[in-house]
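See structure below.
Atoms within a ligand are numbered from 1 in the order they appear, just like the ligands themselves. Note that the structure is predicted; figures quoted are calculated from it, not measured.
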Amino acid sequence: MPELPEVQATVDYLRERVEGATITRAHVSWARTVLPNDPSTFLRDITGAKIHSLFRRGKYVGMKLDSRMPLYLFTHLRMSGSLDVIPTEFELDRHDRVCLELDSGKSIRFNDTRKFGRMTLCEDPDDVVGHLGLEPLDPSCTPEALHSALSHKSGRIKPVLLDQTVIAGLGNIYVDEVLWKIKVHPLTRASSLTQEHMTKLHKAIRETLIEAIEKLGCDFGDGVVDGGMYKPRVYGREKKKCSRCRDTIVRIVVGQRGTHICPTCQIKPRGRRAPLRHKR
Ligand SMILES: [Zn+2]
């Protein structure tokens with residue numbers, strides 16, 4: 001499932017290919033993809049719009065459009081969505097849910113096998129992304145801002161970091177990576193982290209995301225990001241050695257999410273017994 005670096009790779013890919021082009025025709029072959037828009041309204045409003053610029057917010061691909069009114073198109077790739085730019089004459093794939101034909105002779109195809117992805121057209125960006133929390137690479141996301149966003153949260157640090165209304169863009173992979181980097185167990189209470197932890201966490205989030213963006217994200221083999229070169233240190237490395245201490249990485253479940261930790265580097269918090277279980 002794409003997270004911030006993979007979404008950024010998609011934005012950068014699109015920016016080079018479609019910025020400045022005009023959408024001359026559109027098709028929606030799966031109505032739910034454009035929810036809550038109605039497909040006919042979606043097609044009417046998007047046809048003739050010029051793609052002004054591409055941007056990212058959290059895990060959303062944002063597109064600012066010049067039209068009769070200011071419009072934004074937000075795409076959330078969810079589990080299996082991908083955005084490609086290919087010549088318009090190429091046949092539609094059966095998993096292409098939305099096709100935007102451009103005056104350049106190319107088309108943007110939103111391909112989504114599992115159909116969880118969404119493409120939403122709106123006049124006010126807040127309608128789609130207004131609920132999102134801190135943008136981790138934005139200058140406004142300082143260690144102090146992170147501290148104030150996390151310190152009053154009663155939950156465990158991993159689910160809190162996955163909560164998009166707290167900090168946007170992190171998912172299962174990069175949260176595991178970041179917590180391993182700062183040697184914090186995912187079941188640690190967010191509110192128990194000190195300012196020193198926050199400074200380390202802030203630095204680790206930035207470093208991890210910047211490294212992953214430079215490597216075009218992580219290739220999950222699902223066609224979302226082809227050729228992503230980021231190699232996780234703990235995520236998906238169950239039974240392999242921790243590169244820092246050589247202990248064996250284990251998979252546990254935290255908040256119903258498969259989670260990878262080094263049991264030596266990331267000591268389980270003391271206190272009442274934590275709901276930790278190993279995968280059978
Ligand atoms: Zn270790």
Side-chain angles (χ1 to χ4, degrees), residues 1-6 8 59 134 136-137 141 143 146-147 149-151 153-163 166-222 225 228-280:
M1 184 166 168
E3 302 181 24
L4 188 153
E6 293 77 34
Q8 185 64 51
K59 297 184 206 170
L134 290 169
L137 297 178
C141 182
L146 194 62
H147 195 186
L150 299 184
S151 58
K153 293 283 170 189
S154 58
R156 314 283 182 177
I157 187 65
K158 176 157 180 180
V160 168
L161 290 175
L162 288 174
D163 181 346
V166 176
I167 183 164
L170 296 176
N172 214 27
I173 297 176
Y174 296 105
V175 167
D176 281 7
E177 294 292 290
V178 161
L179 292 177
W180 174 82
K181 221 173 235 187
I182 63 167
K183 301 187 182 178
V184 165
H185 194 283
L187 288 172
T188 308
R189 293 206 171 272
S191 56
S192 73
L193 295 181
T194 61
Q195 180 64 54
E196 193 190 339
H197 280 126
M198 290 300 168
T199 306
K200 284 186 185 166
L201 177 63
H202 177 263
K203 185 166 177 272
I205 290 173
R206 283 187 63 86
E207 282 177 0
T208 305
L209 293 177
I210 289 169
E211 182 197 343
I213 288 170
E214 281 170 359
K215 294 183 172 168
L216 305 178
C218 203
D219 188 345
F220 312 108
D222 55 6
V225 176
M229 302 285 283
Y230 181 82
K231 295 277 175 274
R233 268 59 156 196
V234 276
Y235 182 84
R237 301 193 72 246
E238 189 185 4
K239 295 182 183 159
K240 296 201 170 108
K241 298 272 179 241
C242 167
S243 60
R244 192 162 43 203
C245 74
R246 311 309 293 166
D247 195 2
T248 306
I249 292 165
V250 296
R251 181 184 185 274
I252 59 172
V253 176
V254 176
Q256 296 164 337
R257 304 296 298 271
T259 297
H260 297 82
I261 61 159
C262 167
T264 298
C265 292
Q266 294 164 277
I267 302 294
K268 200 165 123 188
R270 285 184 308 239
R272 70 188 167 87
R273 206 165 150 242
L276 176 146
R277 62 188 171 90
H278 290 271
K279 188 192 171 195
R280 273 178 244 246

- Sole candidate of Ile267, Thr259, Ile157, Ile252 that passes side chain to side chain contact (heavy atoms under 4.5 Å, CB included) when paired with His185: Ile252

- Determine the interplanar angle of the Tyr174 and Tyr230 rings, folded into 0 to 90°, and report it as parallel if under 30°, tilted if 30 to 60°, perpendicular if over 60°. tilted

- Message: According to side chain to side chain contact (heavy atoms under 4.5 Å, CB included), who are the partners of Thr194, at least two apart in sequence or on a separate chain?
- Response: Glu196, His197

- Message: Checking Pro159 now: which residues fulfil side chain to side chain contact (heavy atoms under 4.5 Å, CB included) with it, not counting sequence neighbours?
- Response: Arg156, Val254

- Message: Please determine whether side chain to side chain contact (heavy atoms under 4.5 Å, CB included) holds for the pair Val166 and Lys153, giving the CA-CA distance in whole Å, both sets of side-chain angles, and the decisive distance to 0.1 Å.
- Response: CA-CA 9 Å; Val166 176; Lys153 293 283 170 189; 3.5 Å; yes

- the Zn ion (ligand 1): protein N, O or S atoms that are less than 2.8 Å away, sorted by chain: Cys242 SG, Cys245 SG, Cys262 SG, Cys265 SG

- With Lys241 via salt bridge (Lys or Arg N to Asp or Glu O under 4.0 Å) - residues at least two apart: none

